[in-house]
Colleague: 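Attaching a single structure in C-alpha coordinates format; questions to follow.
Order of appearance sets the numbers: ligands from 1, and atoms from 1 within every ligand.
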Amino acid sequence: VTPSVVSTVAEMSAWSEEVRARGERIAFVPTMGALHAGHVALLHAAREHLPRDTGRVVLSVFVNPTQFGPAEDLARYPRDLQGDLAIAAPAGIDAVFAPTPVEMYPPHHQTTVRVAELEQGMCGATRPGHFVGVATVVCKLFNIIRPHVAIFGEKDFQQLAVIRRMVVDLNMPVQVVGMPTVREPDGLAMSSRNRYLDPDQRERALSLSRALFATRARSAAGERDVASLLAGAQALLAGVVDRLEYLELRDAETLAPLTSMGERPAVLAVAAFIGKTRLIDNVRLGPAAAEPR
Ligand code: PAF
(Lines give C-alpha, C1' and ligand atoms only; values in the text may rest on other atoms or scores of the structure.)
Protein backbone atom coordinates (compact mmCIF):
# COMPACT_ATOMS: atom_id res chain seq x y z
CA VAL A 1 0.00 0.00 0.00
CA THR A 2 1.41 3.41 -0.95
CA PRO A 3 1.23 5.78 2.01
CA SER A 4 -0.21 9.24 1.39
CA VAL A 5 2.51 11.88 1.19
CA VAL A 6 1.34 15.11 2.75
CA SER A 7 3.26 18.34 2.38
CA THR A 8 1.08 20.98 4.00
CA VAL A 9 0.38 21.56 7.68
CA ALA A 10 -3.34 22.00 6.99
CA GLU A 11 -3.64 18.68 5.19
CA MET A 12 -1.61 16.82 7.80
CA SER A 13 -3.65 18.24 10.68
CA ALA A 14 -6.91 17.38 8.92
CA TRP A 15 -5.70 13.80 8.33
CA SER A 16 -4.79 13.41 12.02
CA GLU A 17 -8.06 14.95 13.13
CA GLU A 18 -9.98 12.43 11.03
CA VAL A 19 -8.01 9.49 12.46
CA ARG A 20 -8.56 10.74 16.01
CA ALA A 21 -12.26 11.33 15.38
CA ARG A 22 -12.56 7.65 14.47
CA GLY A 23 -11.06 6.87 17.86
CA GLU A 24 -7.84 5.52 16.36
CA ARG A 25 -4.39 6.06 17.83
CA ILE A 26 -1.45 7.63 16.02
CA ALA A 27 2.17 6.51 16.37
CA PHE A 28 4.78 8.90 15.00
CA VAL A 29 8.38 8.57 13.83
CA PRO A 30 10.08 11.92 13.17
CA THR A 31 13.10 11.78 10.83
CA MET A 32 15.21 13.91 8.55
CA GLY A 33 15.01 11.26 5.83
CA ALA A 34 18.09 9.43 4.48
CA LEU A 35 16.44 6.43 6.07
CA HIS A 36 18.35 3.30 7.12
CA ALA A 37 17.64 0.15 9.12
CA GLY A 38 17.65 2.16 12.36
CA HIS A 39 14.68 4.19 11.14
CA VAL A 40 12.93 1.03 9.92
CA ALA A 41 13.26 -0.37 13.46
CA LEU A 42 11.58 2.80 14.76
CA LEU A 43 8.73 2.34 12.27
CA HIS A 44 8.24 -1.26 13.40
CA ALA A 45 8.26 -0.11 17.02
CA ALA A 46 5.64 2.51 16.13
CA ARG A 47 3.35 -0.20 14.78
CA GLU A 48 3.95 -2.31 17.88
CA HIS A 49 2.86 0.57 20.09
CA LEU A 50 -0.58 0.62 18.45
CA PRO A 51 -3.43 -1.71 19.32
CA ARG A 52 -3.50 -4.74 17.04
CA ASP A 53 -5.07 -4.04 13.62
CA THR A 54 -5.95 -0.42 14.37
CA GLY A 55 -4.15 2.86 14.59
CA ARG A 56 -2.01 4.74 12.11
CA VAL A 57 1.73 5.17 11.71
CA VAL A 58 2.99 8.55 10.54
CA LEU A 59 6.55 9.17 9.36
CA SER A 60 7.87 12.70 8.96
CA VAL A 61 10.72 13.51 6.61
CA PHE A 62 12.01 17.03 7.14
CA VAL A 63 15.59 18.25 7.08
CA ASN A 64 15.06 20.85 9.76
CA PRO A 65 17.23 23.87 8.95
CA THR A 66 17.02 25.36 12.45
CA GLN A 67 18.97 22.52 14.05
CA PHE A 68 22.01 22.97 11.78
CA GLY A 69 24.79 25.43 12.59
CA PRO A 70 26.13 27.75 9.87
CA ALA A 71 29.22 25.57 9.29
CA GLU A 72 27.30 22.27 9.35
CA ASP A 73 26.07 19.94 6.61
CA LEU A 74 22.54 21.32 5.94
CA ALA A 75 23.23 21.87 2.22
CA ARG A 76 24.78 18.46 1.61
CA TYR A 77 22.45 16.48 3.93
CA PRO A 78 21.07 13.68 1.71
CA ARG A 79 17.53 14.31 0.42
CA ASP A 80 15.77 11.54 -1.50
CA LEU A 81 12.08 11.28 -0.67
CA GLN A 82 11.39 8.55 -3.25
CA GLY A 83 14.27 6.46 -1.90
CA ASP A 84 13.01 7.03 1.65
CA LEU A 85 9.49 5.93 0.69
CA ALA A 86 10.86 2.73 -0.83
CA ILE A 87 12.68 1.95 2.44
CA ALA A 88 9.80 2.95 4.72
CA ALA A 89 6.81 1.52 2.85
CA PRO A 90 7.46 -2.17 3.66
CA ALA A 91 7.29 -1.28 7.38
CA GLY A 92 3.64 -0.39 6.82
CA ILE A 93 3.29 3.35 7.20
CA ASP A 94 0.00 5.16 6.66
CA ALA A 95 1.11 8.73 6.02
CA VAL A 96 4.31 10.62 5.36
CA PHE A 97 4.58 14.27 6.33
CA ALA A 98 7.19 15.92 4.12
CA PRO A 99 6.80 19.70 4.38
CA THR A 100 9.04 22.36 2.83
CA PRO A 101 11.10 24.62 5.12
CA VAL A 102 8.83 27.60 4.39
CA GLU A 103 5.74 25.53 5.26
CA MET A 104 7.26 24.84 8.68
CA TYR A 105 8.87 28.25 9.13
CA PRO A 106 6.77 30.86 7.32
CA PRO A 107 7.94 34.49 7.45
CA HIS A 108 7.58 35.99 10.95
CA HIS A 109 8.01 32.63 12.66
CA GLN A 110 9.68 33.55 15.95
CA THR A 111 8.71 31.13 18.70
CA THR A 112 11.18 28.56 20.01
CA VAL A 113 11.34 25.89 22.69
CA ARG A 114 14.44 25.73 24.88
CA VAL A 115 15.14 22.94 27.34
CA ALA A 116 17.57 25.03 29.33
CA GLU A 117 19.73 22.59 31.27
CA LEU A 118 19.69 19.40 29.23
CA GLU A 119 20.81 21.30 26.13
CA GLN A 120 24.07 22.20 27.90
CA GLY A 121 27.26 20.24 27.30
CA MET A 122 27.84 17.18 25.14
CA CYS A 123 26.48 17.95 21.63
CA GLY A 124 25.09 21.26 22.93
CA ALA A 125 28.60 22.53 23.71
CA THR A 126 29.73 22.55 20.08
CA ARG A 127 26.35 22.88 18.38
CA PRO A 128 24.88 26.06 19.90
CA GLY A 129 21.19 26.34 19.10
CA HIS A 130 20.97 22.73 17.91
CA PHE A 131 18.65 21.52 20.65
CA VAL A 132 16.47 24.64 20.45
CA GLY A 133 16.02 23.75 16.78
CA VAL A 134 15.26 20.12 17.63
CA ALA A 135 12.85 20.88 20.50
CA THR A 136 11.05 23.53 18.46
CA VAL A 137 10.54 21.37 15.39
CA VAL A 138 9.49 18.33 17.43
CA CYS A 139 7.00 20.47 19.36
CA LYS A 140 5.60 21.77 16.06
CA LEU A 141 5.42 18.25 14.59
CA PHE A 142 3.61 17.01 17.72
CA ASN A 143 1.10 19.86 17.41
CA ILE A 144 0.52 19.20 13.70
CA ILE A 145 0.37 15.38 13.85
CA ARG A 146 -0.97 15.06 17.41
CA PRO A 147 0.47 11.57 17.95
CA HIS A 148 -0.38 9.44 20.97
CA VAL A 149 3.10 7.93 20.91
CA ALA A 150 6.37 9.06 19.30
CA ILE A 151 9.42 6.88 18.73
CA PHE A 152 13.03 8.12 18.84
CA GLY A 153 16.39 6.39 18.56
CA GLU A 154 18.72 6.25 21.55
CA LYS A 155 21.73 7.02 19.37
CA ASP A 156 20.80 10.68 19.81
CA PHE A 157 20.83 10.20 23.57
CA GLN A 158 20.86 13.87 24.55
CA GLN A 159 18.11 14.64 22.01
CA LEU A 160 15.91 11.96 23.56
CA ALA A 161 16.52 13.41 27.05
CA VAL A 162 15.67 16.91 25.78
CA ILE A 163 12.43 15.70 24.19
CA ARG A 164 11.37 13.68 27.23
CA ARG A 165 11.90 16.78 29.39
CA MET A 166 10.01 19.05 26.97
CA VAL A 167 7.04 16.68 26.92
CA VAL A 168 6.88 16.59 30.72
CA ASP A 169 7.52 20.30 31.22
CA LEU A 170 5.00 21.43 28.61
CA ASN A 171 2.39 18.78 29.52
CA MET A 172 2.30 17.35 26.04
CA PRO A 173 -0.04 14.35 25.81
CA VAL A 174 2.50 12.19 23.95
CA GLN A 175 4.19 9.00 25.13
CA VAL A 176 7.88 9.19 24.18
CA VAL A 177 9.54 5.85 23.45
CA GLY A 178 13.31 5.40 23.02
CA MET A 179 14.64 2.51 20.95
CA PRO A 180 18.10 0.92 21.12
CA THR A 181 20.67 1.95 18.54
CA VAL A 182 20.74 -0.32 15.49
CA ARG A 183 24.26 -1.28 14.44
CA GLU A 184 26.00 -2.63 11.37
CA PRO A 185 27.21 -6.22 11.84
CA ASP A 186 30.67 -4.90 12.80
CA GLY A 187 29.25 -2.58 15.47
CA LEU A 188 29.13 0.80 13.70
CA ALA A 189 26.02 2.68 14.82
CA MET A 190 23.69 3.26 11.87
CA SER A 191 23.56 6.91 10.87
CA SER A 192 22.46 8.83 7.81
CA ARG A 193 25.91 10.45 7.93
CA ASN A 194 27.71 7.11 7.48
CA ARG A 195 27.13 7.53 3.75
CA TYR A 196 29.63 10.41 3.75
CA LEU A 197 32.44 8.01 4.76
CA ASP A 198 34.96 6.63 2.25
CA PRO A 199 36.29 3.09 2.88
CA ASP A 200 39.25 4.25 4.99
CA GLN A 201 37.01 6.55 7.03
CA ARG A 202 34.40 3.80 7.40
CA GLU A 203 37.10 1.58 8.92
CA ARG A 204 38.27 4.32 11.29
CA ALA A 205 34.68 5.11 12.27
CA LEU A 206 34.56 1.67 13.88
CA SER A 207 36.85 2.97 16.63
CA LEU A 208 33.87 4.74 18.24
CA SER A 209 31.80 1.63 18.92
CA ARG A 210 34.95 -0.39 19.69
CA ALA A 211 36.05 2.13 22.32
CA LEU A 212 32.55 2.20 23.84
CA PHE A 213 32.18 -1.59 23.90
CA ALA A 214 35.67 -2.09 25.37
CA THR A 215 34.90 0.43 28.10
CA ARG A 216 31.56 -1.19 28.85
CA ALA A 217 33.36 -4.51 29.20
CA ARG A 218 35.88 -3.00 31.66
CA SER A 219 33.04 -1.47 33.63
CA ALA A 220 31.13 -4.77 33.68
CA ALA A 221 34.32 -6.46 34.87
CA GLY A 222 34.38 -4.17 37.90
CA GLU A 223 36.37 -1.07 36.94
CA ARG A 224 34.63 1.84 38.68
CA ASP A 225 37.24 4.55 38.30
CA VAL A 226 35.78 7.07 35.86
CA ALA A 227 39.14 8.65 34.93
CA SER A 228 40.56 5.23 34.16
CA LEU A 229 37.52 4.18 32.11
CA LEU A 230 37.67 7.40 30.08
CA ALA A 231 41.45 7.20 29.61
CA GLY A 232 41.11 3.68 28.27
CA ALA A 233 38.46 4.72 25.78
CA GLN A 234 40.45 7.78 24.76
CA ALA A 235 43.50 5.63 24.07
CA LEU A 236 41.45 3.57 21.60
CA LEU A 237 40.31 6.69 19.76
CA ALA A 238 43.56 8.67 19.76
CA GLY A 239 45.20 8.81 16.35
CA VAL A 240 42.27 6.99 14.75
CA VAL A 241 39.57 9.66 14.77
CA ASP A 242 40.53 13.00 13.26
CA ARG A 243 39.13 15.02 16.15
CA LEU A 244 37.59 13.84 19.38
CA GLU A 245 34.87 16.31 20.27
CA TYR A 246 33.80 14.77 23.55
CA LEU A 247 33.92 11.52 25.42
CA GLU A 248 31.83 11.72 28.54
CA LEU A 249 30.33 9.57 31.21
CA ARG A 250 27.00 10.89 32.40
CA ASP A 251 24.02 9.85 34.48
CA ALA A 252 21.72 8.09 31.98
CA GLU A 253 18.62 9.85 33.26
CA THR A 254 19.66 13.34 34.37
CA LEU A 255 22.73 13.61 32.08
CA ALA A 256 24.65 15.01 35.07
CA PRO A 257 28.41 14.44 34.63
CA LEU A 258 29.64 11.51 36.71
CA THR A 259 32.78 11.56 38.80
CA SER A 260 32.27 8.04 40.11
CA MET A 261 30.45 4.95 38.93
CA GLY A 262 27.71 4.31 41.45
CA GLU A 263 24.45 2.48 41.62
CA ARG A 264 22.77 4.54 38.93
CA PRO A 265 22.67 3.76 35.20
CA ALA A 266 25.28 5.70 33.27
CA VAL A 267 25.81 6.50 29.62
CA LEU A 268 29.18 6.73 27.93
CA ALA A 269 28.78 9.05 24.96
CA VAL A 270 31.19 10.08 22.24
CA ALA A 271 31.27 12.56 19.36
CA ALA A 272 34.17 12.58 16.93
CA PHE A 273 35.07 13.73 13.47
CA ILE A 274 36.22 11.26 10.84
CA GLY A 275 37.33 13.53 8.04
CA LYS A 276 34.59 16.16 7.78
CA THR A 277 31.93 13.80 9.12
CA ARG A 278 30.81 14.19 12.69
CA LEU A 279 29.64 10.92 14.25
CA ILE A 280 28.09 10.22 17.64
CA ASP A 281 27.51 7.01 19.58
CA ASN A 282 26.82 5.89 23.13
CA VAL A 283 26.42 2.84 25.34
CA ARG A 284 24.88 2.32 28.75
CA LEU A 285 27.10 1.34 31.66
CA GLY A 286 26.36 0.35 35.22
CA PRO A 287 23.10 -1.15 36.47
CA ALA A 288 20.68 -2.29 33.75
CA ALA A 289 23.56 -2.27 31.26
CA ALA A 290 24.29 -5.97 31.49
CA GLU A 291 22.64 -6.70 28.14
CA PRO A 292 24.79 -5.61 25.21
CA ARG A 293 22.86 -3.52 22.75
O1 PAF B 1 16.73 12.77 15.03
C2 PAF B 1 16.37 13.40 14.02
O3 PAF B 1 16.36 12.89 12.91
C4 PAF B 1 15.97 14.86 14.14
O5 PAF B 1 16.73 15.50 15.10
C6 PAF B 1 14.47 15.03 14.42
C7 PAF B 1 14.06 14.41 15.74
C8 PAF B 1 13.67 14.42 13.29
C9 PAF B 1 14.12 16.52 14.49
O10 PAF B 1 14.42 17.17 13.31
Colleague: Tell me, do Phe97 and Val61 make a side-chain contact under 4.5 Å, heavy atoms counted?
Modeller: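 Side chain of Phe97 against side chain of Val61, heavy atoms only: no contact under 4.5 Å found.
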Colleague: Enumerate the atoms of ligand 1 whose separation from the nearest heavy atom of Val137 is less than 4.0 angstrom.
Modeller: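 Matching atoms, with element in brackets: 9 (C), 10 (O).
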Colleague: Evaluating non-hydrogen atoms only, which member of His130, Met32, Gln159, Lys155 is closest to atom 3 (O) of ligand 1?
Modeller: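 Heavy atom nearest to atom 3 (O) of ligand 1 belongs to Met32.
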Colleague: With heavy-atom distances below 4.0 Å as the criterion, list the atoms of ligand 1 near Pro30.
Modeller: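 Ligand 1 atoms under the 4.0 Å threshold to Pro30: 8 (C).
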Colleague: I'd like to check Leu268 versus Leu230 (side-chain heavy atoms, cut-off strictly below 4.5 Å). Are they in contact?
Modeller: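 Side chain of Leu268 against side chain of Leu230, heavy atoms only: contact under 4.5 Å found.
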Colleague: How does Thr31 reach ligand 1, if at all, at less than 4.0 Å between non-hydrogen atoms: by side chain, backbone, both, or neither?
Modeller: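 Contact part for Thr31 vs ligand 1: backbone (N, CA, C, O).
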Colleague: Here's a test for you: under salt bridge (Lys or Arg N to Asp or Glu O under 4.0 Å), which of Glu72, Glu119, Glu245 qualifies with Arg127?
Modeller: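 Only match with Arg127 under salt bridge (Lys or Arg N to Asp or Glu O under 4.0 Å): Glu72.
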Colleague: For residues Tyr77 and Asn64, is any side-chain donor paired with an opposing acceptor at under 3.5 Å?
Modeller: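 No, no side-chain donor-acceptor contact under 3.5 Å.
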Colleague: Using every non-hydrogen atom in the two residues, find where Met261 and Leu249 come nearest and quote the distance to one decimal.
Modeller: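 Closest heavy-atom pair between Met261 and Leu249: SD-CD2, 3.6 Å.
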Colleague: So which heavy atom in the protein is nearest atom 9 (C) of ligand 1, and how far is it from that ligand atom?
Modeller: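 For atom 9 (C) of ligand 1, the nearest protein heavy atom is Gln67 OE1, 3.3 Å.
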